[in-house]
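As a basis for the values below, the full set of heavy atoms in this structure was taken, side chains included, without hydrogen atoms, waters or symmetry mates.
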Amino acid sequence: MLTPVPNWWLFGWFAIGIWLWPSLSQAVTLPDNYPRVGNIYLASSITNDEARQLAQWDVVVIGLETQYTNPEAIPLLRALNPDIIILGYIPSEEVSLDNFRINDPDHPLYKIYRPLRNHDDWFLKNTSGDYLNFWPGTRMINVSTRWSTALAKSVSRHVLKKHSQWWDGVYYDNCFNDISWLDGSIDIDGSGTAASSSTADQRWRVGMGTLLKQTAKRNPTKVIVCNSSGDYYTYINGRMFEDFPSANEGQWSGSMQRYADVMQRAQQPRLVIVNTIANTTTSTNYRLMRYNLASALLHDGFASYDQSSFAHHSLWWYDEYGAALGAPLASGYNIQTNASLVKASRGVWRRNFQRGLVLVNSTDQNQRVVLEDGFEKITGTQDTVINNGKLVGSVTLPANDGIILLGRIAQVVNAPYINGTFAKVFSANGKTQRNSFFTYNGTFPGSSTVVQLDDINTSVVADDTYVTVYTNGRQTSRFAPYGEQFTGGVNIDVDRLNGKRKAYRIVTGTKTYGPHVRIFSLRGQATNPGCFPYASDFRGGVNVAVGDVDRNNRGQEIVVAAAKGGGPHIRILDRNCRLLHPGFFAYDASLHSGVVVAVGDVDNDGHDDIVTIPGAGATPYVRIFNYKGQALQPGFYAFSQSDRSGAQVAVSDIDGDGLNELIAMSFGIFNQ
């Protein structure tokens, strides 16, 4: 039912009265990471299955009757995505004739439109008394009547306040700036005579302004979004651009200038949905989708791509939507002229983000863009010619196309890595996720073990003897877990061993000599006498990893494996270094290369897993287990089977997309 705004409605500006109006409340928080994506899903009803899919988007617009037709759907959306923004859809100035067939007094649409059954004078008519309509199957309502106040009151009472925890705001469709275009003899005041165009448009704008003002006043913590341009930015948080880039908005350049305008003038938080329609039921016009997404990314709006103005109910999800760009570093700019989007013109545009960039070619010719080093394409499953994961030093963009490029990964975060190793990135089933890289930080010695704790800007580094802690780049502690005479090498993992809100603890093991596990604070103070999970006379050392593998929320566990020369027996200790689980064999008992372990939620199901890889002398075969020692899948070779140089594994969200990856690291970089 959403429709492109005709260009003649966009001319002419009229002040809707001088109201002193405070900024709308910012109770709704917009996501920090990009891309931001939105979905206008106007199906007649929403099933729980559809709600589960919709939870992927950052903002969704759904019929407000959903609170009645399937009251489970909205709480389900919230549970699956606590940060989602949910807006209720309602036309501002028309009513579907089907709504008059609703006779259930508990139905929200019955309550909202009930006053119209007793107020025929609230409908928009011409001087012949004919009802006017703009969309098939609907009847226009005259917003210059008391309908404006009645609708604001009803939406507030029966929707936004009744289910305050469900709805973040309202989407009013078709907040037209004027109305004289609809009919040459509109009886705007019910007098039986036609008003002049200027009078009809003036009264219309005052009525629409009243609706939006009253809605905002009654719901100061909610957001209001319209399908309109700038006359109402005093009262609303943003708008939707439908059929972007639209001829009615001035094609790409005009649409982008209007996009810049709303991002400057609307109330905070500014919420703009940039919607492009495919005009087909198939979802495979990836180029058009990219053009929409990349254009939306030049500002801070939400990209939306679906079937048509007559069918806003698509569940099309794309590889690009899951890209982790992080926060923007600056505004979008024209790489040829350095112009800003306030004066958007056809050209090649770019915006830089923490973890990548976006490019848009709005010209009618192919454009080649030379890049600085350090970018790669998305690895995807849809348009694999574009999303092939390759490293790029330049790209050629077709006309009216866009692309997201990711910055190269350089470090593992929140998990141990060996400084200077060759790293490969996998999913839980062994599929390559990103390009390989070297885990090297020039601040620390090569071959040292490093754990970088991003949330407290702290790095913990272990060498042959010492563990050193750096916070904000400054050394804050240094200690020798096994004495200053020990030179056999220290293994570490660092985590909140005693629970999510507790202090970090450093768990140490030995690379050689006795398999002694110890626990320290970040200041180097021993917090536990430690233990020997294997025979104390075993001289091969012990590898350690920390995580919540037993899922009981009583702190985390320490997973251990014998190091050099040991068998493949995995044991699980509690946070106090006491044996919790007798363990299991990760590989055939005859293997005596030792095993490296890591703990983390590899398959992103909300539960930590145990990841293993044999040490030097064995083939680099990765396996994943649960707490009971049950293999979750067959496993895979992280490197060539001929590489027996030894490897390390880690579980880390290295690209910032909120999902963990499995990283395998090796010094044997040949034949990889």
Side-chain angles (χ1 to χ4, degrees), residues 412 415-434 436-439 447 449-451 489 491-493 509 511-512 515 534 540-547 549 558-572 583-603 608-626 629-652 654 660-672:
V412 176
Y417 69 88
I418 306 297
N419 200 24
T421 51
F422 176 73
K424 299 177 75 173
V425 184
F426 300 97
S427 64
N429 60 9
K431 181 181 178 182
T432 300
Q433 296 290 90
R434 294 287 298 268
S436 303
F437 63 99
F438 283 93
T439 61
S447 300
T449 301
V450 181
V451 180
N491 292 314
I492 57 170
D493 198 358
K511 291 186 178 179
T512 58
Y534 301 100
V542 59
N543 292 315
V544 296
V546 178
V549 295
I558 303 170
V559 179
V560 297
K564 184 177 181 180
H569 190 214
I570 310 301
R571 286 187 165 180
I572 301 172
F584 57 90
F585 285 92
Y587 303 94
D588 189 276
S590 63
L591 183 144
H592 282 85
S593 63
V595 175
V596 177
V597 289
V599 172
D601 183 8
V602 185
D603 51 10
D608 282 352
D609 311 299
I610 300 170
V611 184
T612 66
I613 194 167
T619 56
Y621 194 74
V622 175
R623 300 195 74 188
I624 304 171
F625 300 89
N626 63 17
Q630 298 167 327
L632 300 183
Q633 50 202 38
F636 61 93
Y637 287 100
F639 303 100
S640 168
Q641 295 185 47
S642 63
D643 178 9
R644 296 172 181 259
S645 60
Q648 178 96 354
V649 284
V651 180
S652 172
I654 57 173
N660 288 324
E661 290 78 36
L662 192 160
I663 303 95
M665 297 159 276
S666 172
F667 285 108
I669 63 173
F670 45 83
N671 297 323
Q672 304 300 342

### Message
Run Val559 and Ile570 through side chain to side chain contact (heavy atoms under 4.5 Å, CB included) and show every step you take.
### Response
CA-CA 7 Å; Val559 179; Ile570 310 301; 3.6 Å; yes
Do side-chain atoms of [X] reach the backbone of [Y] as a donor and acceptor pair under 3.5 angstrom?
{"X": "Ser447", "Y": "Gly420", "answer": "no"}
{"X": "Asn626", "Y": "Leu632", "answer": "no"}
{"X": "Arg623", "Y": "Ala631", "answer": "no"}

Quick one: pull up [atom1] in [X] and [atom2] in [Y] and give me the separation to the nearest 0.5 Å.
{"X": "Thr449", "Y": "Ile418", "atom1": "OG1", "atom2": "CD1", "value": "3.5 Å"}
{"X": "Ile663", "Y": "Ile654", "atom1": "CD1", "atom2": "CD1", "value": "4.5 Å"}
{"X": "Phe438", "Y": "Asn419", "atom1": "CZ", "atom2": "CG", "value": "12.0 Å"}
{"X": "Ser427", "Y": "Glu661", "atom1": "OG", "atom2": "CD", "value": "9.5 Å"}
{"X": "Gln433", "Y": "Phe426", "atom1": "CD", "atom2": "CZ", "value": "10.0 Å"}

If you define the side chain from C-beta out and look only at heavy atoms, does anything of [X] sit under 4.5 Å from [Y]?
{"X": "Asp603", "Y": "Ile624", "value": "no"}
{"X": "Tyr534", "Y": "Val560", "value": "yes"}
{"X": "Asp609", "Y": "Val599", "value": "no"}
{"X": "Val595", "Y": "Asn543", "value": "no"}

Would you please classify the geometry between the [Y] ring and the [X] ring as parallel, tilted or perpendicular, with 30° and 60° separating the classes?
{"X": "Tyr621", "Y": "Tyr637", "value": "perpendicular"}
{"X": "Phe639", "Y": "Phe422", "value": "tilted"}
{"X": "Phe625", "Y": "Phe584", "value": "tilted"}

Non-hydrogen atoms of [X] and [Y] that approach each other most closely:
{"X": "Val649", "Y": "Leu662", "value": "CG1-CD2, 4.5 Å"}
{"X": "Val651", "Y": "Asn660", "value": "CG1-CB, 3.8 Å"}
{"X": "Met665", "Y": "Thr439", "value": "SD-CG2, 4.0 Å"}
{"X": "Pro620", "Y": "Asp643", "value": "CD-O, 3.2 Å"}
{"X": "Thr619", "Y": "Pro614", "value": "O-CG, 3.4 Å"}
{"X": "Val412", "Y": "Ala415", "value": "CG1-O, 3.9 Å"}

#### Entry: Heavy atoms of other groups near Lys511 NZ, more than 12 under 6.0 Å
yes
### Query
Which is it for Phe585 and Leu591 under the side chain to side chain contact (heavy atoms under 4.5 Å, CB included) test, yes or no, and what are the steps along the way?
CA-CA 10 Å; Phe585 285 92; Leu591 183 144; over 6 Å; no
